[in-house]
Student: 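I am attaching a structure below and will ask some questions about it afterwards.
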Amino acid sequence: MAIAYLDGVWQAIHDAKVSVLDRGFMFGDAVYEVIPVYRNKPFMLVEHIQRLATSLAEIKIHNPMSTEQWLELIGEAIFRAEEAYALVYVQVTRGVAQRREHVWPENASPTILVTVSGSPALAETHTSSDIKPYVMIIAEDFRWQRGDLKSTCLLAAGLFKNEALAQGADDAILIRDGLVTESSSSNVFVVIDNVLVTPPKSRMILHGITRDLILTLARELNIPVEERDIKQSELAEASEIMVSSAGREVWPVGVINGISVGNGGPGVVWDKLNTGFQVIKDKL
């Protein structure tokens, strides 16, 4: 069942409410994490908590919990939700202010929200014979220049996603100054001359937990890897394109702007990475 923890209170997710003066509501002054759960076990939880701590430090919000406290809280949330396959959202805002103004309030207590919702898609094990590759469009990346922070300010991501849907696609690959950054909610990989290529970590992209796992897995599978800038023109040269995220793991892209990627189906490199990813999940 969907459940929420809000500032010390466990309740049904639709009953959880925050003040209209909470800076997360007023300004998007907050960060978050998304943690997949497989068979009641959180996946790469410590890495997610570490990234949450980094995001909080970067926007100067006091981390209200230690790593051990976060682990205990999220473990209890999963236990209470009774969902074998789920997504855990952790959100921390700067807290409630006395009035609406840009200046941060002094001594505000961060608002802590943890929600757990069932995700049947995580129980699925896709293969190259049954997966449906994404259809993508290309869009200009007009977001702010701190894509490395997992901020709740997701208006741009929503605009990209909904524009893609309006054009009959699943999502958008974003381009800034002629270079690929990421998708609306995932990191991007391309295969060129049998090499798996992804943009390097920078302030322009999220430092994806799943992204790092895919790169580690590729190296273990002896798939050549390069972390470098990808020109927009190289998308047309790629034999495979794929995206990665906590909710979708690693997913192939079959079409971009109406043009097939490779043969339009899942590629050999994706198949190897996906198979390896499922093995890691099964070891939890």
Side-chain angles (χ1 to χ4, degrees), residues 1-13 15-19 22-25 27-96 104-105 107-119 122 146-154 185-187 201 206-213 216 244-249 280-281 283-284:
M1 60 181 176
I3 193 171
Y5 168 96
L6 178 60
D7 288 340
V9 179
W10 295 99
Q11 55 200 298
I13 193 167
D15 293 333
K17 296 176 175 61
V18 297
S19 167
D22 192 291
R23 288 182 61 88
F25 173 74
F27 296 103
D29 190 356
V31 296
Y32 76 105
E33 282 292 328
V34 187
I35 303 148
V37 176
Y38 300 103
R39 297 188 306 282
N40 303 108
K41 297 178 182 178
F43 191 59
M44 304 190 74
L45 178 55
V46 172
E47 288 84 351
H48 282 282
I49 295 307
Q50 290 173 340
R51 186 173 63 181
L52 176 67
T54 298
S55 293
L56 287 168
E58 285 292 309
I59 65 170
K60 298 179 173 58
I61 292 179
H62 168 68
N63 192 338
M65 293 191 177
S66 67
T67 298
E68 291 73 21
Q69 289 172 320
W70 279 119
L71 296 179
E72 183 177 349
L73 176 60
I74 293 168
E76 183 176 356
I78 294 169
F79 174 78
R80 285 174 176 265
E82 299 180 335
E83 294 283 356
Y85 294 88
L87 290 173
V88 178
Y89 280 80
V90 179
Q91 182 168 313
V92 182
T93 84
R94 197 174 301 275
V96 178
W104 297 333
N107 304 317
S109 297
T111 298
I112 303 172
L113 174 66
V114 177
T115 64
V116 184
S117 299
S119 181
L122 292 178
R146 290 307 306 268
D148 57 316
L149 301 181
K150 203 164 177 66
S151 164
T152 60
C153 301
L154 295 172
S185 59
S186 54
N187 292 113
K201 287 182 178 179
L206 182 68
H207 299 179
I209 305 298
T210 307
R211 170 194 180 276
D212 289 350
L213 177 60
T216 298
S244 68
S245 67
R248 275 301 186 180
E249 300 171 353
I280 293 172
K281 283 167 46 180
K283 291 180 179 178
L284 281 178

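Being a predicted model, the structure only gives us computed values, none of them experimental.
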Student: Would you call V37 and L122 a side-chain contact if the rule is heavy atoms closer than 4.5 Å?
Tutor: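 They are not in contact (no side-chain heavy atoms under 4.5 Å apart), so the answer is no.
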Student: What are the two closest heavy atoms between V34 and A246, and how far apart are they?
Tutor: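 Heavy-atom minimum between the residues: O-CB, 3.7 Å.
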Student: Only one of L113, T111, V18 clears side-chain contact (heavy atoms from CB on, under 4.5 Å) with D7; which?
Tutor: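 Going through the options one by one, the only one that passes is T111.
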Student: Say whether, by atom type as modelled, one donor and one acceptor occur between the side chain of R94 and the main chain of P105 under 3.5 angstrom.
Tutor: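 Looks like no, no N/O pair under 3.5 Å.
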Student: Hey, could you give me each pair passing side chain to side chain donor-acceptor pair (under 3.5 Å) that has a residue in residues 45-54? Not counting sequence neighbours.
Tutor: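 Those involving residues 45-54 are E33-H48, E33-R51.
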Student: Just so I know, are the side chains of T152 and T93 near enough to count as touching, which here means a heavy-atom distance under 4.5 Å?
Tutor: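 The answer is no; the side chains never approach within 4.5 Å.
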Student: Do L87 and P36 touch side chain to side chain, with heavy atoms closer than 4.5 Å?
Tutor: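 When only atoms from C-beta onward are counted, P36 and L87 do touch, with a gap below 4.5 Å.
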Student: Is there side-chain contact between I61 and V31, with heavy atoms separated by less than 4.5 Å?
Tutor: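 In short, these two side chains do not touch, never coming nearer than 4.5 Å.
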Student: Is the CD atom of Q11 crowded by more than 12 outside heavy atoms at less than 6.0 Å?
Tutor: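 Enclosed: over 12 neighbouring heavy atoms sit under 6.0 Å from CD of Q11.
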Student: Mind listing the closest non-hydrogen atom pair of A81 and I3 along with its distance?
Tutor: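 Answer, listing the atom of A81 first, then I3: CB-CG2, 3.7 Å.
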Student: Would W104 and I59 satisfy side chain to side chain contact (heavy atoms under 4.5 Å, CB included), going step by step from the backbone distance to the final call?
Tutor: CA-CA 11 Å; W104 297 333; I59 65 170; over 6 Å; no
Student: Compare all side-chain heavy atoms of T210 with those of F43 and state whether any distance is below 4.5 angstrom.
Tutor: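 Answer no - side chains too far apart.
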Student: Restricting to non-hydrogen atoms, name the atom on A4 and the atom on A16 that form the minimum distance, rounded to 0.1 Å.
Tutor: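 Shortest heavy-atom contact: CB-CB, 4.0 Å.
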Student: Less than 4.5 Å apart, side chain to side chain, heavy atoms only: is that true for P64 and W70?
Tutor: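 Yes, at least one pair of side-chain atoms sits under 4.5 Å.
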Student: Answer yes or no: is there a donor N or O on one side and an acceptor on the other, between the side chain of D148 and the main chain of L206, under 3.5 Å?
Tutor: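 Not confirmed, D148 side chain does not pair with L206 backbone.
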Student: Drop me the distance from M65's CE to I112's CD1, to the nearest 0.5 angstrom.
Tutor: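 Reported to 0.5 Å precision, the distance equals 4.0 Å.
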Student: Run Y5 and E76 through side chain to side chain contact (heavy atoms under 4.5 Å, CB included) and show every step you take.
Tutor: CA-CA 10 Å; Y5 168 96; E76 183 176 356; over 6 Å; no
Student: Using 0.5 Å steps for rounding, measure from the NZ atom of K60 to the CG atom of D29.
Tutor: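 One gets 12.0 Å once the value is rounded to the nearest 0.5 Å.
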Student: Are L52 and L56 close enough that some pair of their side-chain heavy atoms sits under 4.5 Å apart?
Tutor: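 SC-SC contact between L52 and L56 confirmed.
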Student: When rounded to the nearest 0.5 angstrom, what is the spacing between CD1 in I49 and CE in M44?
Tutor: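 With rounding to 0.5 Å, CD1 (I49) is 13.0 Å from CE (M44).
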Student: Could you check whether the rings of Y89 and Y32 sit parallel, tilted or perpendicular, using 30° and 60° as the cut-offs?
Tutor: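 Y89 vs Y32 ring planes: parallel.
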Student: What heavy-atom pair brings S186 and S245 nearest, and what distance separates the two atoms?
Tutor: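 Where S186 meets S245 most closely, the heavy atoms are CB-CB, 3.9 Å.
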Student: Side chains of S117 and I13, heavy atoms from C-beta outward: is any pair under 4.5 Å?
Tutor: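 Yes, their side chains come closer than 4.5 Å.
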Student: Of all heavy-atom pairs between V116 and I78, which one has the smallest distance, and what is that distance?
Tutor: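 Reported closest heavy-atom pair: CG2-N, 4.4 Å.
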Student: Do you know which two heavy atoms are closest between E58 and L149, and how far apart they sit?
Tutor: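 Reported closest heavy-atom pair: CB-CD2, 3.4 Å.
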Student: Could you work out, with side chain to side chain donor-acceptor pair (under 3.5 Å) as the rule, every residue matching D212, not counting sequence neighbours?
Tutor: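 Per chain and number, D212 pairs via side chain to side chain donor-acceptor pair (under 3.5 Å) with K201.
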